[in-house]
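Just below is one structure, and these are the notes that go with it.
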There are 2 protein chains.
Amino acid sequence: MKPSIHPMDHDCRPVGEILHQIGGKWTVLIINTLSDGPMRFSELKRMVGGISQKVLTSTLRELEMDGFITRTVTPSIPPRVDYELTDLGRDLQRPLKVLGQWAIDNRPKVLDARRQYLAENPQAAKQYKGLHYVPQLQAAE
Amino acid sequence: MKPSIHPMDHDCRPVGEILHQIGGKWTVLIINTLSDGPMRFSELKRMVGGISQKVLTSTLRELEMDGFITRTVTPSIPPRVDYELTDLGRDLQRPLKVLGQWAIDNRPKVLDARRQYLAENPQAAKQYKGLHYVPQLQAAE
DNA sequence: CAGAATCCAACTGGATACTG
DNA sequence: CAGTATCCAGTTGGATTCTG
């Protein structure tokens with residue numbers, strides 16, 4: 001089922017699209033990692049850490065398709081492929097940084113809200129699938 | 001597989017979390033809709049348009065759990081439930097607006113990049129699952 | 001090295017029916 | 001009205017194996 005198109009769709013549809021696109025588990029992490037400069041596939045995989053080869057490949061493809069990164073193949077043996085942010089990709093980092101700062105600033109509030117909710121509705125804890133570290137006030141990182 | 005935790009995780013993990021959380025297909029749409037003021041369940045469903053009742057319910061629960069909205073029950077017959085943005089929820093709209101503006105400003109570039117990519121790699125069009133309206137230069141909306 | 005291909009478990013989200 | 005409970009199809013993403 002797709003969102004129907006209402007008159008007031010002035011500005012939230014594109015947002016939803018972008019968010020859904022970069023909302024992938026690894027996308028932001030990858031973009032951020034690439035901000036240090038071009039990087040090879042294996043290097044990127046190592047830096048990001050924990051991502052499977054298949055998912056890294058497909059995520060990179062999407063980013064390339066959207067014009068956020070470039071993919072440069074050096075047909076040597078063994079082959080070498082470098083990924084690099086485009087201007088558009090680098091530009092995306094700016095609004096991303098704003099949201100990122102907000103996330104950092106307000107994460108305590110969110111975690112508190114979540115803790116309180118779970119305290120008030122213990123039964124909700126069961127099917128809880130939310131953020132991975134909900135839990136018991138782990139020390140500040 | 002979860003992202004492993006590296007030293008350089010300074011600021012992208014929380015971002016990824018938030019993005020993944022609000023990256024749901026409807027989340028932003030709902031937050032935006034609620035910015036006009038409190039709204040009942042059915043009203044919200046109608047405004048958002050196209051969302052199933054189950055998904056609306058669970059999305060609202062998540063937003064409530066994270067402290068972005070409040071849920072107020074009026075135990076009349078028939079019952080009445082109102083949803084309203086909290087301060088935190090309203091505060092979230094600011095960085096969201098930044099990203100939204102970026103999305104609006106740059107969507108043409110993304111769509112162009114996508115068109116070009118699909119033109120160069122016709123075989124990629126097959127398993128293409130990306131943004132819903134990739135396509136043939138539909139008139140400006 | 002950088003993937004493509006395959007298989008499979010888990011999660012998402014829609015449709016439908018039922019309830020306080 | 002505002003859900004809850006099921007059922008089920010489609011997608012995501014991890015693990016593994018194979019290749020230019």
Side-chain angles (χ1 to χ4, degrees), chain A residues 1-4 16 19-27 29-30 38-65 69-84 121 123-124 126-132, chain B residues 1-4 16 19-27 29-30 38-65 69-84 121 123-124 126-132:
Chain A
M1 195 182 246
K2 291 170 187 173
S4 63
L19 277 170
H20 201 257
Q21 192 74 4
I22 65 181
K25 209 163 149 190
W26 306 96
T27 319
L29 212 46
I30 291 174
M39 211 169 277
R40 313 181 48 164
F41 186 87
S42 52
E43 215 174 344
L44 204 43
K45 184 169 182 338
R46 201 164 26 74
M47 288 292 290
V48 170
I51 190 173
S52 70
Q53 171 266 335
K54 174 185 159 188
V55 174
L56 178 56
T57 299
S58 67
T59 306
L60 288 171
R61 284 284 186 281
E62 283 175 17
L63 289 174
E64 185 195 359
M65 182 158 49
I69 63 174
T70 57
R71 177 173 179 271
T72 310
V73 181
T74 308
S76 54
I77 296 180
R80 173 195 181 94
V81 180
D82 288 277
Y83 293 92
E84 184 174 12
N121 319 43
Q123 88 295 3
K126 286 187 302 187
Q127 79 276 19
Y128 182 70
K129 293 293 172 39
L131 276 48
H132 299 304
Chain B
M1 196 182 244
K2 291 169 188 174
S4 62
L19 277 171
H20 202 259
Q21 193 73 5
I22 65 181
K25 207 161 149 192
W26 306 95
T27 319
L29 213 45
I30 291 174
M39 212 169 276
R40 312 182 48 163
F41 185 87
S42 52
E43 216 174 345
L44 206 42
K45 184 167 183 339
R46 200 163 27 72
M47 288 292 290
V48 170
I51 190 173
S52 70
Q53 171 267 347
K54 173 186 160 188
V55 174
L56 178 56
T57 300
S58 68
T59 306
L60 287 171
R61 284 285 186 280
E62 283 173 19
L63 289 174
E64 185 194 0
M65 182 157 49
I69 64 175
T70 57
R71 177 172 179 272
T72 310
V73 181
T74 307
S76 54
I77 297 179
R80 173 196 181 94
V81 180
D82 288 277
Y83 294 92
E84 185 173 12
N121 320 43
Q123 88 295 4
K126 285 187 303 188
Q127 78 276 20
Y128 181 71
K129 293 290 172 43
L131 277 49
H132 300 303

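For the numbers below, each heavy atom of this structure counts, side chains included, while hydrogens, waters and symmetry mates do not.
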Tabulate protein N/O versus nucleotide N/O from nucleotides 3-8 of chain D, keeping only pairs under 3.5 Å, one per line.
from	atom 1	to	atom 2	distance (Å)
D:dG3	OP1	B:Arg71	NE	3.3
D:dG3	OP1	B:Arg71	NH2	2.4
D:dG3	OP2	B:Tyr83	OH	2.5
D:dG3	N7	B:Gln53	NE2	3.1
D:dT4	OP1	B:Arg61	NH2	3.1
D:dT4	O4	B:Gln53	OE1	3.0
D:dT4	O4	B:Gln53	NE2	3.3

List every contact pair, protein side and nucleotides 18-20 of chain C side both N or O, where the distance is under 3.5 Å.
none

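Between A:Pro79 and A:Arg40, the shortest heavy-atom contact is O-NH2, 3.6 Å.
For residues 72-82 of chain B, the side chain to side chain donor-acceptor pair (under 3.5 Å) pairs, not counting sequence neighbours, are B:Arg80-B:Asp82.
Two residues are said to be in side-chain contact when any heavy atoms from C-beta on lie closer than 4.5 Å; A:Leu63 and A:Tyr83 fail this criterion.
Whole-Å rounding puts the A:Leu44 CG to C:dA2 P distance at 10 Å. Whole-Å rounding puts the A:Leu56 CG to C:dA4 P distance at 11 Å. If you measure from atom CG of B:Asp82 to atom C1' of D:dA2, you get 12 Å, rounded to the nearest angstrom. Distance, A:Arg80 CZ to D:dG20 C1': 18 Å, rounded to whole Å. Distance CD (A:Glu62) to P (D:dT11): 14 Å, rounded to an integer number of Å.
Under the side chain to side chain contact (heavy atoms under 4.5 Å, CB included) criterion, B:Glu64 pairs with A:Tyr117, B:Arg61, B:Ile69, B:Arg71, sequence neighbours left out. For B:Glu43, the side chain to side chain donor-acceptor pair (under 3.5 Å) criterion is met by no residue, not counting sequence neighbours. Taking the side chain to side chain contact (heavy atoms under 4.5 Å, CB included) definition, one finds that B:Val55 meets it with B:Trp26, B:Ile51, B:Ser52, B:Thr59, sequence neighbours left out.
When the side-chain nitrogen and oxygen atoms of A:Ser42 are compared with OP1 and OP2 of C:dA2, one or more of them lie within a distance under 4.0 Å. The shortest distance between the side-chain N/O atoms of A:Arg40 and the OP1/OP2 oxygens of C:dC1 is not below 4.0 Å. The side chain of A:Trp26 contributes no N or O atom lying less than 4.0 Å from OP1 or OP2 of D:dT12.
For the atom pair A:Leu60 CG and A:Ile30 CD1, the distance stands at 5.0 Å (nearest 0.5 Å).
End-to-end axis angle for the helix from C:dC1-D:dG20 to C:dG20-D:dC1, using five pairs per end and rounding to 10°, comes out at 40°.
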